Amino acid sequence: MATRSNQLQMMGLLFSYGGESIMKNCITKSEGSLRKYGGSHSLIYISILILDYLLSSNQHKTQTPHFLRHASSFRNSMTTPVKNILVSSVKSANSIGRVTPSGSSCCKKIVFISGTYGIKVNKIHDVQKQSINQVYIEKTSTTITHWYARLTERRNPEGFFNFNFIHPQLFDLKSRITTFTRLRGYNARISLYSYIYIGKNPPPRTACMEVISITLGLVGYRPNDRKYLLDMKVFVDTDSDERLVRRMRRDISERGRELDGVLKQYFKFVKPAFDYYIAPSMVHADIIVPRGGENEVAINLIAQNVMTQLQQRGFKIREKLLHANFGMSRPNSLHLLPTTPQIRGLHTFIRNKDTPRDEFIFYSKRLIRLVIEHALTMLPFTSVTVDTPQGVPYEGKRIATEKICGVSILRAGETMENALCEVLKDVRIGKILIQTNLDTGEPELYYLRLPKDIKDYHIFLMDATVATGAAAIMAIRVLLDHEVPEDNISLCSLLMTEQGVHNIAYAFPKVKIVTTAVDPCVNEKFYIVPGIGNFGDRYFGTEPSDQ
Amino acid sequence: MNDVDDKTINLNYALDDDEDDNDDDDDGKVRENKNNILVKTMFLMEQHSSKTILKMYGNSLIRLVVEEGLNQIPWSPRSVTTPTGCQYDGVQFHRGTCGVSIVGAGDAMEQGLRQCCKSIIIGKLLIEHDPGSNEATVVFAKFPEDITFRKVMLLSPIISSGDTVIKAVEVLKDYGVPENNVILLNLFMTDVAVRTLSQSFPKMTILTSEVHPTAPRHFEERYFGVGAS
């Protein structure tokens, strides 16, 4: 009986949308299989929401827009949403899943929240991913399914095998707005909707401030809804028989349903929902893209448009081929040692492939000492007057902080630890081991040992060579995760590339970079060119024998 | 600091003072280093620095001065092949340098010099300087035979009146070393000494880290941990 009353309740809800045929379909008969939300067929809206989020010490935030009111005015007239565009100047890259500590000093970010949904989830995913991938910006994607209203106990799942999962009312639109606004702010928890079980799967995923955030499925979008600030609305169109075929294939093979159930669901819920809600909203679209993900031209167009919009708003997109930046002015955070003859002479010795190991070690130690001494000048100093045995006061300086820590990136960075200890009394040394996975080319963190209260320390991050900067960026992220302020970090190395310098300066503009030389580029094996070879191997003698 | 010529390089060149500008070259680097150097000199000058601290900061200051001094050695271009197979255009320093230390505080700098050049020849001078008079006498001198052809790094960390160094350079000249081959490496100098030395030996290159009216005479005693006799 409870089932029955729930159904009536359900019907009552649907009725408000005038979906009579659907309402009738919701009278349930028990079915043996679970129904799952079968993906969306509807509009793609790529919304570009640009925000300037300023993280000052007072946690000052931009005004959060007021919440979406509930859906009675779904059919309101179309008006162009007001663009509420704020431009940020400083950018910082965070990858998905990393939590930016609130109150950290990585300040302004540009956050794009783009909403998409369209015919056939796969196709939409393709379109959005390809178009946004082309823009080479960190992004996170969420789907409308993340905002399924929690099906409570009162709504007995067993009674809803014929449940229409596509209905707008099912979605917890309010919480989607909340999530969006929080996504602009710091990080947001996005619950994962399970396709197997009705309900939400813990633990929720945390998404950080991204440059572009894509939402799949904007059911319930109303064109006059200012909160979304959609600039570009794209409709991905495919023939209905293609849709059916794809749906069948997906549901049967991937999600393990039966043919009967699939077809039934399709004709009962999916097709009417499309005809009733989604096809009419095609009129809202600015661009209609046929053939989905294979439509290269359309994807290029969309990507171009996104990039143009970003650039117009002052956002400098990280180029994929950074050696196109060769000759560009170097970032301010780079402190290059002045190129004295001694430094060039030292480089001549250590770059020479015929230098024997003991000489290599000797000269690299000298060079390391110079780098460390130079990096020391970046510390804050205070003036101090002392008494001398001669009775005359002397005005000197003292390093303003007692808490200095060196963190070396094994193995090559370890060679630099000694120099730091020789120059500073009572300096602590931490270690990080990051190795590049040879298959994927991505750096991986293997070992970590840091002092406990490291967030109060000035850090000298030491690595002898920096090629692409991937390992250094990962190490800096590790430190930031331990709440070290970004401008307390100095990266010291002997040799870097233009690419590496720009990568690190782009990702972490406040980190100081100290090096003796900057080489032009990196070869396909990720060795610096002209370079020095593999510094760790040459220093420790673990070179592989030549083929 | 009015009448020094551009052969005197002060690693600790103070930009913001109202003094007249020196004609030093590559001042940009010098100024960046300034605070760093002042930290070290502070430890050296301080009354209550322990031996360990004084030695540690003294060594690092000596290293800085020596590295800067090695920049004065003539060089020529040289191209090497790196392990990636590319060419790198570097420099090669001409051979033929030696160090001459003035016994006393100068010994402290020998180790720093050897840390930079592994097997550099080091000669020794023992000069007795009567504090009362202006005269100094050479008691002991040992140099390499071909010192006339070598660039000489004269190591004397603390110079107060400058008389000792004047004598030392005169001895070197007696042995045939041309004046412009002498590079004086020093940590603390007085203004008086700077003027005297640059007037007496205008072609000599002077490298110092701090110019201050009072020279820390206690440096040698504290560094080695033994009192002077």
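Sequence lines set the chain letters: A, B, ... in the order given, protein chains first and strands last, and positions in each chain run from 1. Remember, predicted model here, so these are calculated numbers, not experimental data.
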Measure distances from [X] to the heavy atoms of chain A and classify the residue's part below 4.5 Å as side chain, backbone, both or neither.
{"X": "B/R63", "answer": "side chain"}
{"X": "B/H212", "answer": "side chain"}
{"X": "B/K118", "answer": "both"}

- Find the one option among A/E395, A/R366, A/K353 whose heavy-atom pairs under 4.5 Å with chain B are most numerous.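 Answer, by heavy-atom pair count under 4.5 Å with chain B: A/R366.
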
Does anything in [range] reach chain A? List residues with heavy atoms under 4.5 Å apart, or say none.
{"range": "residues 50-60 of chain B", "answer": "B/I53, B/M56, B/Y57, B/N59, B/S60"}
{"range": "residues 77-84 of chain B", "answer": "B/R78, B/V80, B/T81, B/T82, B/P83, B/T84"}
{"range": "residues 90-98 of chain B", "answer": "B/G90, B/V91, B/F93"}

- Query: Which residues pass the side-chain contact (heavy atoms from CB on, under 4.5 Å) test with A/T415, sequence neighbours left out?
  - Reply: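 Only A/I368, A/F535, A/Y539, A/F540 meet the side-chain contact (heavy atoms from CB on, under 4.5 Å) criterion with A/T415.
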
Measure [X] against the heavy atoms of chain B and call it side chain, backbone, both or neither at under 4.5 Å.
{"X": "A/I528", "value": "backbone"}
{"X": "A/V423", "value": "both"}
{"X": "A/I532", "value": "backbone"}

- Task: Compare every heavy atom of B/D163 with every heavy atom of B/A136, then report the nearest pair and how far apart it is.
- Result: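 Closest approach of B/A136 to B/D163: CB-O, 4.4 Å.
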
- Query: Picking from B/Q87, B/H48, B/Q115, B/Q72, which has the most non-hydrogen pairs under 4.5 angstrom with chain A?
  - Reply: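 Answer, by heavy-atom pair count under 4.5 Å with chain A: B/Q115.
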
- Could you tell me whether the side chains of A/Y457 and A/E402 share a donor-acceptor contact shorter than 3.5 Å?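 No donor-acceptor contact under 3.5 Å links the two side chains.
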
- Strictly by modelled atom types, are A/S408 and A/E414 linked by a side-chain donor-acceptor pair under 3.5 Å?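 No, no side-chain donor-acceptor pair sits under 3.5 Å.
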
- Message: Within the 4.5 Å heavy-atom criterion, are A/L334 and A/I504 side-chain neighbours or not?
- Response: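 Of all side-chain heavy-atom pairs linking A/I504 with A/L334, none is under 4.5 Å.
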
